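Chain letters run A, B, ... following the sequence lines, proteins first, then strands; residues in each count from 1. Computed over heavy atoms, backbone and side chain alike; hydrogens, waters and symmetry mates excluded. Since this is a predicted model, take the numbers as computed values, not measurements.
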Amino acid sequence: MNILNLFKIAYKALLRNKTRAFLTMLGIIIGIASVIAMVSIGQSSSQSINNQISGMGTNLIMVMRTSQRQGGVNVGSSNVQTLKASDVDAIRTQAKQISAVSPLVNASGQLVNGANNWPGSMQGGNSELLSIRKYSIASGTNFTEQDVRNSAKICVVGKTVVDNLFPNGENPLGKSIRFNKIPFKIIGVLESKGQNQMGQDQDDVVIAPYTTVQKRILAITYIHMIMASARSEETANEATDEIESILRSEHKLKPAQESDFDVRTQQEMLEMMNSVTGFLTILLAAIASISLLVGGIGIMNIMYVTVTERIKEIGLRMSIGAKNKDILLQFLCESIILSLIGGIIGILLGLLISYGASKGLNWPYIVSVPAVGMSFLVCAATGIFFGWYPAKKAASLDPINALRYE
Amino acid sequence: MSEIIQIKQLRRTFLVGSEEVHALKGISFTIHAGEFVSIMGTSGSGKSTLLNVLGCLDRPTSGEYFIDGIAVSERTKDELSTLRNRKIGFVFQSYNLLPRTSALENVELPLLYNTTVSGKERKERAIRALEQVGLQDRMMHTPNQLSGGQQQRVAIARALVNDPVILLADEATGNLDTRTSYEIMSLFQQLNEEGKTIAFVTHESDIAAFTGRTIQLRDGHIVKDSPVETQSAREVIMNYEL
């Protein structure tokens, strides 16, 4: 018997029970679709995080406070006050691989201009913060080191803040706005950067001299964070080491003591995020493949039922000349056809779901070719693996008993 | 006349638990080309076992069986399948048609297992077989759109399509009312007149009366093997206005 006839027989047998064939396929469809969608969505999200972090500049270095023990008490990082503006000066004078460095203090509050108000956070830095954060001035000027020394009540603002505080389109330059009741004069407006990959508005920002934020808003003497730019991406690691050793000597830490700060580069952030999203992708794919397994078992189940239900048909086929091999191959073909068609529909559905998800979440759309290829192989394997035993059972029937079976 | 079926000292023994059951206890007969033979017997007489052996579904425990000159006893299972496909046409009591499948496709079925027949030839031969049984108008009907008699005609067409040397009918009229069974017998008689060799297993003597020779089995032995004064099924239908 040739293969074409075989497929014709199997195909016709499936057509005789369309509803059941479809329901059987549904298991495979859902299994494959979820594997494809999960892998694709996982990869999209990691790509989107990648883009976002690289967009901030891979030569960006951040120094954060870390939690530390003080006499046996573990102090949360937000209460740590070890970073000082003097650390920034030390880095500026001693580090060779750093092109710019700025302290960072954050305060959140309400921005008010007359009747208009807008919730926002004020970031305090020195005059280099804008270049480190890759902002540029659209109109007006940046504040100067002089302003920083004087704790001047001036600020530069992003486009979103301008739009919300000056809805009638007045020129904000020179105007005074209030942040937590303290008046600030707007001296510059930032070039719009739009949303980042995570959907965060990068224009919703107010930047002021850090001394002003420290003294007039927060009343603190420490700083929250240090931001620096390495001279180039290649020297980022070297720069990290420099900062580490400078700060350790500034903080007078003994060699055995742990650092009370944490130096991170974007590169490291990237690697960390990638390992997290990679793990999540694998986890999702693993969960999805369980549904694929269930789908495969569904095929096996239905094939068993089908064999029992069609014992008379099998007997008839044997009596008109079908060899055991023909019966085996027919049922195997049926399950392979089911799983392959189910697989193809599943792949298409999975691609559609991941396309929808990536559009909806504003992530890049990634088709994972290995996932599609693997799914296809898994389908064929599922068909053979789960179809084998029922087919074997069908082929091993005795034609006499099968014909008389009621 | 050539010998289509020749059996010599045929025995078939089954093992039921540890006990041996002798279903056929050494029977011999010959069916020549063009004969219409009925095989009669009550249940337990061994007629089903005999039919299975004749149909190459089962192999005898001992004895010889030749179909169209081929020794069946020495064949492998796959060779038996091929023999069934080329030499034998089965007609069953319950028709055994594939549901939701047209009459034409049902009739084509045996030829699907014959690689020497092309798709085009398959269809032509199936159409011819359906014409032979008078169902040329119902080729695209599925079994549930056909009456019992018509379904049995489709089954007969399916048995004819591979041009077998013998038709084996197993209680082929058992599920039909009297008139319809006589019509089916009339069809068998017509096929026999056209030259088909037929072996018809039945337990009804009125059906056996339409054949040309009766082999009577009892407890695994042949108790009677004699020619019958053949009645014409068509005439019976007309005379008794069935």
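More than 12 non-hydrogen atoms from other residues, nucleotides or ligands lie less than 6.0 angstrom from OH of Tyr304(A). Open room surrounds CE on Met374(A); 12 or fewer heavy atoms of other groups in view lie less than 6.0 Å from it. The number of heavy atoms from other shown groups lying within 6.0 Å of OH (Tyr389(A)) does not exceed 12. For Glu19(B), the CD atom counts as loosely surrounded, since its 6.0 Å shell holds 12 or fewer non-hydrogen atoms of other residues, nucleotides or ligands. At most 12 non-hydrogen atoms from other residues, nucleotides or ligands lie less than 6.0 angstrom from NZ of Lys392(A). Environment of NZ in Lys123(B): sparse, with no more than 12 heavy atoms of neighbouring residues, nucleotides or ligands closer than 6.0 Å. Annotation for Phe22(A): atom CZ does not count as buried by contact number, only 12 or fewer foreign heavy atoms lying within 6.0 Å. Few gaps surround CZ on Phe29(B); more than 12 heavy atoms of other groups in view lie less than 6.0 Å from it.
Met318(A) has its side chain out of reach of Ser81(B): every pair of non-hydrogen atoms, C-beta onward, lies at least 4.5 Å apart. The side-chain heavy atoms of Thr101(B) and Arg16(A), taken from C-beta on, include a pair separated by under 4.5 Å. Proximity of Lys323(A) to Tyr113(B): side-chain heavy atoms (C-beta onward) are nowhere separated by under 4.5 Å. Contact of the Arg404(A) side chain with the Ser48(B) side chain is registered, since non-hydrogen atoms from C-beta on lie closer than 4.5 Å.
No part of Arg86(B) comes within reach of chain A, as not one of its non-hydrogen atoms sits under 4.5 angstrom from that chain. Proximity to chain A (any heavy atom under 4.5 Å) is shown, for Thr116(B), by neither the backbone nor the side chain. In this structure, chain A has heavy atoms under 4.5 Å from both the backbone and the side chain of Asn96(B). Of the atoms belonging to Asp170(B), it is side-chain heavy atoms, and not backbone ones, that fall under 4.5 Å from chain A. Interface remark: Glu105(B) contributes side-chain atoms only to the contact with chain A (heavy atom separation under 4.5 Å). Within the 4.5 angstrom heavy-atom criterion, no atom of Arg310(A) approaches chain B. No part of Pro164(B) comes within reach of chain A, as not one of its non-hydrogen atoms sits under 4.5 angstrom from that chain.
The nearest pair of heavy atoms linking Leu316(A) to Leu109(B) is CD2-CD2, 4.1 Å.
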request  = Might you work through the side chain to side chain contact (heavy atoms under 4.5 Å, CB included) test for Arg100(B) and Leu15(A), ending with a clear yes or no?
outcome  = CA-CA 9 Å; Arg100(B) 288 176 287 252; Leu15(A) 277 191; over 6 Å; no
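Using modelled atom types, one finds no donor on one side chain facing an acceptor on the other under 3.5 Å when comparing Ser319(A) with Arg84(B).
Residue Asp398(A) holds its CG atom at 8.5 Å from CG of Asn52(B), rounded to the nearest 0.5 Å.
When each of Ile88(B), Leu97(B), Asp78(B), Leu80(B) is checked for heavy-atom pairs under 4.5 Å with chain A, Asp78(B) comes out on top. Annotation: maximal heavy-atom pairing with chain A below 4.5 Å, among Gly119(B), Cys56(B), Pro110(B), Ala159(B), occurs at Pro110(B). If you tally non-hydrogen atom pairs under 4.5 Å between each of Asp58(B), Asn114(B), Asn85(B) and chain A, the highest count goes to Asn85(B).
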